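Since we're looking at a predicted model, the values are computed, not measured. Proteins come first, then strands; the chains are lettered A, B, ... in the order of their sequence lines, and each starts at number 1.
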Amino acid sequence: MAIGLTHYLVIGAILFSLGLYSVLTRRNAISILMGVELILNSSNINYVAFSHFSSGNVEGQVYAIFVIMLAAAEAAVGLAIVLAIFQIFHTIDVEAAETLKE
Amino acid sequence: MDIATALFYLVAIITVGSAAVVAFSRNIIYSAFSLMGTFAGVAGIYVFLGADFVAAVQLLIYVGGILVLILFAVMLTHRITDVEITNRAAGRIPALLAIGIFIFLLVQTIRETSWAKAKEILYAPTTARIGDLFLENYLLPFELASLVLLAALIGAVVLSRKELRE
Amino acid sequence: MDLGNLESLKFFYPEIVLSGTILLLILFDLFIRNKRWLGLMAFLGCILSLVTTFQLYGMSPGWLFHHMIILDNFSLFFKVVSLLAALLVVWMSLGCREIREIHQGEYYTILLTSALGMFFMASSSNLLMAYLSLELVSITSYILTGFLPHNRRSTEAALKYLIYGGVASGTMIYGMSWIFGMTGSLDYARISEALFQGQTNHLALFMAFIFILAGFGYKIVFVPFHMWSPDVYQGAPTPITAFLSVGSNAAGTAILMRFFFPAVSRLGEGGDWLFISGVEWPHFLLMVSMVTMTLGNLCALNQQNLKRLLAYSGIAHAGYILMGLVVLNNDGLKAMLFYIVVYLIMNLGAFLVVVIVANETGKEEIGDYRGLAWRGAAIPAVCMAIFLFSLTGLPPLAGFVGKFFLFAAVIKQGFYLLAVVGIINSVISLYYYAGVVKTMFLDFPEPTDPQVTMTANTSALLGVLSTLTVLFGIYWGPLVHSLH
Amino acid sequence: MDQPIQTDYLRWIVLLPLLGAATNGLLGAQLQKRFGKGLISTIAIAPVLGSFLLSVRALFDLVALQPEQRFLIDRLYTWITTGSLNVDVAFWIDPLSAVMILVVTGIGGLIHIYSIGYMHDDNSYWRFFTFLNLFTFAMLLLVTGDNLLLVFVGWEGVGLCSYALIGFWYQDHVNTTAGNKAFIVNRVGDFGFILGIFLIFWTLDHQGHGTVSFREIQKFASLLKNQEIWGGGVATLATLFLFVGATGKSAQIPLYVWLPDAMQGPTPVSALIHAATMVTAGVYMIARLHFLYSMAPLTLEVVAVIGVATALFAATIALTQNDIKRVLAYSTISQLGYMFLGAGVAAYGAAIFHLMTHAFFKACLFLGSGSVIHAMGGEQDMGKMGGLRSAMPYTFWTFAISVLAIAGTPLTGGFFSKDEILWQAFSSAHGSPLLWSLGVVGAGLTAFYMFRQLFLVFFGNSRADHHTQEHLHESPKVMTVPLVILAIGSIAAGWIGLPEVFGGSQFAEWLEPVFGKPHEMAASEGPELLLMICSVAVAAVGFFIAYLMYYRGALAPERFSSLAGGALYRLFYNKYYVDEIYQAIFVRGTLLLARTGAWIDQHIIDFIVDGSAKTTAYISWFNGLFDNYVIDGIVNALANITFWAGGKFRKVQTGNINSYLYVILGAVVLAIIVRLRYSS
Amino acid sequence: MTDNVLSWMTFFPVAGMVVVLLLPHDRHSLIRWVSALATLPPLLLAIWLYANFDRTSSGLQFVEKAPWIPTYNIQYFIGVDGISISMVLLTALLSFLCIFASWGIDKGVKGYFALFLLLDTGMMGVFVALDFFLFYIFWEVMLLPMYFLIGIWGGPRREYAAIKFFLYTLFGSVLMLLAILALYFASEPHTFDMTQLIAQSGKYGTSALAMWPFDRWGWGFQHVVWMALFIGFAIKIPAFPFHTWLPDAHVEAPTAISVILAGVLLKMGTYGILRINYPMLPAATADLAYYFLGALGTWNIIYGALCAMAQKDLKKLVAYSSVSHMGYVMLGMASFTPQGINGAVLQMFNHGTITGMLFLLVGVIYDRAHHRDIDGFGGLAAIMPVYTGVTAVAFFASMGLPGLSGFISEVLVLLGAWQKYVILSILGASGVILIAGYLLWTIQRVYLGPVNEKYKSLPEINGRELFTLVPLGIIVIILGVYPHAILDLLRSSLDQLNQIVIPHLS
């Protein structure tokens, strides 16, 4: 069977789900952020794959590049926040950081 | 199975496998390091898709930037030996269940959907075309992205600045 | 009109002014000692930008920067709303003690950047632009939320917001990638073309929309993407809460409409929008709207913290605003827009009172408002009552007119169930709003409760907002007219 | 019927007493303080006398007219005009109302005068005269009103004044309770009355002649004849409704219960309201609407039966009472029963005649008893009286004459009028020997208890305590003069209404334009005489037994009271327990309903209202719970992880990001699945 | 000024409110006098209006019309006809008197009078508004001041009472809002103009809605809208079972507010039904009036009277008597006879004056004794004779004693109802007995009987209090003797109203 669009999309889907799984189960903020990165990567695979198979131009690739850039920005901010949290709470377990409540 | 196909599956397995380690590992250091595998694998996939520039960017930014950041964060916030505490996970079984259904739905839909078909599939180098696009059609997003990065920069500085006033 | 990069610039003044202000702020931050000037600068920048925005009004619609953004009255409207929100929040921040203690230079920079992001959210005509602008707003929002140094709640809220936003936007771009895969394009117009021509798979489309909605929905704060908002609203500095509650909501609505109207629908005869077959938006949105307003209101009933209460009420209001989307015609659209303006005014007003009280007492619990009217703060209490009753939708206040138009649009299309649910929700909401009013007026203060006074600055803003709330309740003709 | 003659002085007959009432009512307290009681009584009595004089003038005006034209009217203004309803404020005088206004103003005037003496020591003097005047006004309105609604105003007005005067000494709970009872029982009657008005109006209105004016009703009465409602004739039903009103006002079964209690008021009040005037309003009303009643034989029968039943019933109670005024009260009820008997056999003239004579002798009796009570220092128990004859000659003689009159002693007023009624009860088309014989029995009872009273009070030895005996005195002139006049009236009034046997009744002739010709029974002089002798004989028996029992002491009263094991006596003495029964059924029943209503309001309706609020609150609470606990709970429980989060941090389950994300994922999956199900 | 007399009447109090707000808050007596001055012109104008009202015309008079929000066809459209003129009079009078009844307020004086004046404008506006939207605005404008007036200046359970009142009324008014919108879209061109809506009343369909459960009841558009409006108004009336806010609100509200509440606000319910339900939805009115106005009204009469009888609190008793008396209004309205409907509106006016008196009287005694427990008094007649005399007038008027105003309206109502619903009329008439029962019982317990030593030194009613009561008392008597003073105003308009509905009666 030739490697086609579906293969890439399935890889993307699996990455997406794994990312979601991390986000759902992890208590560690950094781990959750890693899950988010997985999600972003999964959609990037989609974009590049579609760019290749569907649109026939590089628009999808451009999109992927922007996603990567923004992922970097988000990671920077995210990790800054995580560090701030760590300074205050001395842990980055999201369950512990729960001053906010009803 | 030709080489290319075999290579593809190899890359795919690396990608998915290390992603699985990221998701399932009980040690955050393992997670963080396997993330590198994923990123690299994804870069490989980009190469398969003829997106050389994107692959390069992926390696540069993800592996060279983001991953390093993450590792720094991990180091800063954990004693490495502290395995159990650092990467607790909760609700695995329901999560697995939900994710299972979800993945099933996704894959089913992917298989049944008639995606758009490109007129021709190109395998030309893309760097130049992407560069053109950035300066022409995608100038505004490009500028905007720089703004995002600027804001993120400032934000990261502000947020992580140690300032104990209490 | 479809312009390239350079030609576009002359229709780009508002953004340019705003970006210029941002850069100047960064620059002056280095030199200026009295940081209050920075606030004033931001304020002036907003006004200038507002002026330039108004100059663009009434232009024939067109695309700028190679189909990246669209310039029409709709986007201009939201630019005005975002600017107003930013403007008023800057003004509010000037009178806020919380803000005076932090890095004001960065604060105003990020705030204006966020406003700029909202500009693009309202005008993007491209999936990439949509994502970028959304991210711009999101990232700045995370920063603003976590701006209070060494403040547990603030930082924690920021973390939650970040994780939540990250997942939401990740999901969104995954959905967008599917759209891209189905149509081979990122541009809304071409997407619409492709979708209406091709044999699309409805299920894939539906799932893609759902994913995308996760991204938009968490900005608008509708159920089930609402859960971050109470925590974030409670934790963020109050002016930022105000900004998020109105700006982010408005921009989210804008991007939603931007996406759904041009991308997946067509204007049919008689002003009704036709959707791609197989996508049951009215029913879906109907459910979301009803659930959102009901859940928001019900949860608000039990709140003790005023900011949290306003967060839940904001969720309910998102539900009301969605009512206008359900009917999918221009009536509903106009009603939504009107409501957004009105909501902006009254909600900011309510938060302003929170700021005023917190300035003196440092507290936000409803119990701390005990007998506010008798603690030297009769005017803020009265204004708060006006805002809260306006939020309830009592005439002759602006909120009533807003709800009136929404209900009118809904009833006209025969969505009686939605109207009835909306009405019942209004009554429920009265209960908790009136509870706050009760605490302020009907309870009497303990001797230990501190006196509350206002500065000239806050009282001027309060006067403006409450006057507008009453004014739009009595004479809203011009405002409605401007929406046409 | 000819057009009535418009006059402009009739209004003053009615309004003068109102003027007096208004003056005293608004300024009385001040005037009394400043100028003394003399001014008050002058203000009160002058208008009544004025009314009396005007009434006399009206009488002469009427006399001057042809019998068919004896009809004066004074129309003031239009009161209510709505749709087809048109009500004037107009007063009219025809021979019937002429009799009534003369009785009201004449006897009323005397009672006013009498009150000067009787009430002399009371501080609320002005208030008393205010109400007395107001009452006179209302009563005059009642008898001169030209339409049913206006009459109803008077009808309720007299009720109000009666209420106010019964409870005049309001500091005593018993008095005010009696007042309440009178008012409420009367209201029950009024309820029937007003329904009667409605029925008449609408029935006529359907024929295009909606009206409440008496003359108009009479004109269109024939239209009512064949109308039916609820399977009965409208005339019958309407008259029955109105009769309910009459039973209330005129204290007939079943609504008589208030009258005995009404004796709590000052005695002049009892004389004026509860003997001479107000209580006769029902009789007047029936006479006024005789044309309707004549159309409704069934109603007439009911009226007659109730009348005679009341007459007997009240008389039996009166046999055993010891309170001087209560005896008179029951006697009044009984006598009113006779009047209704008369009206019930369509002998309206006879009823009115008895009304008039009764007004004299009963007023005299009441005032006499008032004089006695006055002398006895407020004592009302006949068991503590006796032998007053010598101490109070005027009182005694006038009282005795009145007793003779009421007992139907020949040649007194009561004799003529009562026999007229009994004769009609026997001979009229609506009458029957049974009615007559019951009436005669009643007459016998009347004679017995009245003489019993006379003997107990005025004869024998005094049973009063020493102190009272010493203070015994005849009442002042201002009280005795009215007594004398009334006593004379008791005798004389009868002579204007002689029976056919003795030359025919002037009174009947006078009323002829109103009621039409009396029945042509002239041929049967023999029976009339015979019946007359019969009734006199029965009355004589009554007198004789009373004489034996209470004068001679030859017959111990106990011998009667222990008849049938004393049960009968107890039954009479306790007034057949009617009060107790009413109390149990109506008063308690209503109160029970009231409490039930209030309970429902507080507990059920409010429960529902509060409940819906609570439900909402509960749902919201549950919602929060759901947010906070269930989702997290599922997550945590299924994962079975250890809840440990470092010693220094509070373990809180809210605000959990993971669970938030769960919700979203769940919602998304759910939405997709739902979508799948629908599309497939 | 004569051109805009209604606007002046409506907005003068708000102008007064602004002045009051500008006054320093510790100048109590100045604030009171300014408030009195602010309510006086409307009263004088109302009298002028009364004198110049054309009684022969059934149409609208003193009309003012100006576009307001042209895009939605919303107008500033006010005017009076026979239905509203009496209510305008009543409002002007009671507002003025209640300022004096509020003289004793000493907490938050400024706020109190400011809110009171705002309330005044709202009330006046409701009665003169002829644009549905305007009507709704004014309707709601009353809500807030009322909430605060009860909630801040009320009795011990004021919060509960205020929020209960608020929620109830709001629930009703939002239903009304839906109905208003439904009518707006049903009209062509879309309009809020009441006269237009009435003119188009034939257009609104009556065929059954294909929606459960309306299809089973045979209800059409008209019926559903009618019902929505009715519930909104029934809460104000208050009709059973929407009445439970009333006792609480009345008991807790300060005296003057009780007077306004009972005297004016309750009338809005029945006024609204006459003004809106009747002419705009005549077919539904014809179908539903029997059940929801006639039968429910009768039930109100009896139920209210029974509940009143069981009360121990004097004010609560008066409150329930309002429930009972408003039942007459409903019954009369439902009869569609000239007598019934005229009687109903007259009863609205009379109830306003009589209940106004009653609440003022309760206030007088409460101010002195600081409680309202019926059984806690006794023998007040001897201590306060003048007060008792005035009370007697009010009580007997409330009882419907002939010669006083209540009688005329009750008789007209019952007479009118008789033609249509004999049984209801009889039941309603029997209510008169109950009313007499509890009122007499109350008089006996409070005013008569031996003097209660505790209250031996209570001061007699003072001049200011008399000033608030006497005008009402005089009106009560005048209207009993000469009801045409009001009836003449009503006749033409109400007859015309009847003519709209009657053709739809089957």
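For the pair C:Ala204 and B:Thr113, the tightest heavy-atom approach, listed with the atom from each and the gap, is CB-OG1, 3.2 Å. Considering every non-hydrogen atom in both B:Ala151 and C:Thr113, the closest pair reads CB-CG2, 4.1 Å. Across all non-hydrogen atoms, the minimal contact from C:Leu132 to B:Pro141 is CD1-CB, 3.3 Å.
Rounding to the nearest 0.5 Å gives a distance of 12.0 Å between CG of C:Leu128 and CZ of B:Phe142. The distance from the CG atom of B:Leu150 to the OG1 atom of C:Thr140 is 11.5 Å, given to the nearest 0.5 Å. Taken from CD in B:Glu136 to CZ in C:Phe65, the straight-line distance is 11.5 Å, to the nearest 0.5 Å.
Counted within 6.0 Å of CZ on B:Phe24, heavy atoms from surrounding residues, nucleotides or ligands total more than 12; the atom is thus considered enclosed. Heavy atoms of other residues, nucleotides or ligands lying less than 6.0 angstrom from CZ of B:Phe33 number 12 at most.
Interface with chain C: from residues 99-106 of chain B, residues B:Phe102, B:Leu105, B:Leu106 qualify, criterion being any non-hydrogen pair under 4.5 Å. Scanning residues 114-122 of chain C against chain B with a 4.5 Å heavy-atom cutoff picks out C:Leu116, C:Phe120, ordered by number.
Residue B:Leu135 touches chain C through its backbone alone, counting heavy-atom pairs closer than 4.5 Å. The parts of B:Glu112 that come within reach of chain C are both its backbone and its side chain, each placing non-hydrogen atoms under 4.5 angstrom from that chain. For C:Thr155, no part lies near chain B; criterion is any non-hydrogen pair under 4.5 Å. Using a 4.5 Å cut-off between heavy atoms, C:Leu186 contacts chain B through its side chain alone, with no backbone atom that close. Interface remark: C:Ile139 contributes side-chain atoms only to the contact with chain B (heavy atom separation under 4.5 Å). C:Phe180 does not touch chain B: none of its heavy atoms, backbone or side chain, sits under 4.5 Å away.
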Original post:
When you look at B:Leu159 and C:Tyr142, which way does the side-chain contact (heavy atoms from CB on, under 4.5 Å) test go after all the steps?
Top reply: CA-CA 10 Å; B:Leu159 289 173; C:Tyr142 312 149; 5.9 Å; no

**OP:** Please step through side-chain contact (heavy atoms from CB on, under 4.5 Å) for the pair B:Leu144 and C:Met129, ending with a clear verdict.
**Re:** CA-CA 9 Å; B:Leu144 203 56; C:Met129 278 304 293; 3.6 Å; yes

**OP:** Could you walk me through whether B:Tyr138 and C:Met68 pass side-chain contact (heavy atoms from CB on, under 4.5 Å), step by step?
**Re:** CA-CA 8 Å; B:Tyr138 286 84; C:Met68 280 297 135; 3.6 Å; yes

**OP:** Show your working on side-chain contact (heavy atoms from CB on, under 4.5 Å) between C:Ile26 and B:Ile154 and close with a plain yes or no.
**Re:** CA-CA 10 Å; C:Ile26 296 172; B:Ile154 296 174; 3.9 Å; yes

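Listed by chain and number, the residues in a side chain to side chain donor-acceptor pair (under 3.5 Å) with C:Ser124 amount to none (sequence neighbours excluded). Applying the salt bridge (charged side-chain N to carboxylate O under 4.0 Å, His left out) rule to C:Lys219 yields no partners; only residues at least two apart in sequence or on another chain are considered.
Residues C:Tyr107 and B:Val158 are not in side-chain contact: their nearest non-hydrogen atoms beyond the backbone lie 4.5 Å or more apart.
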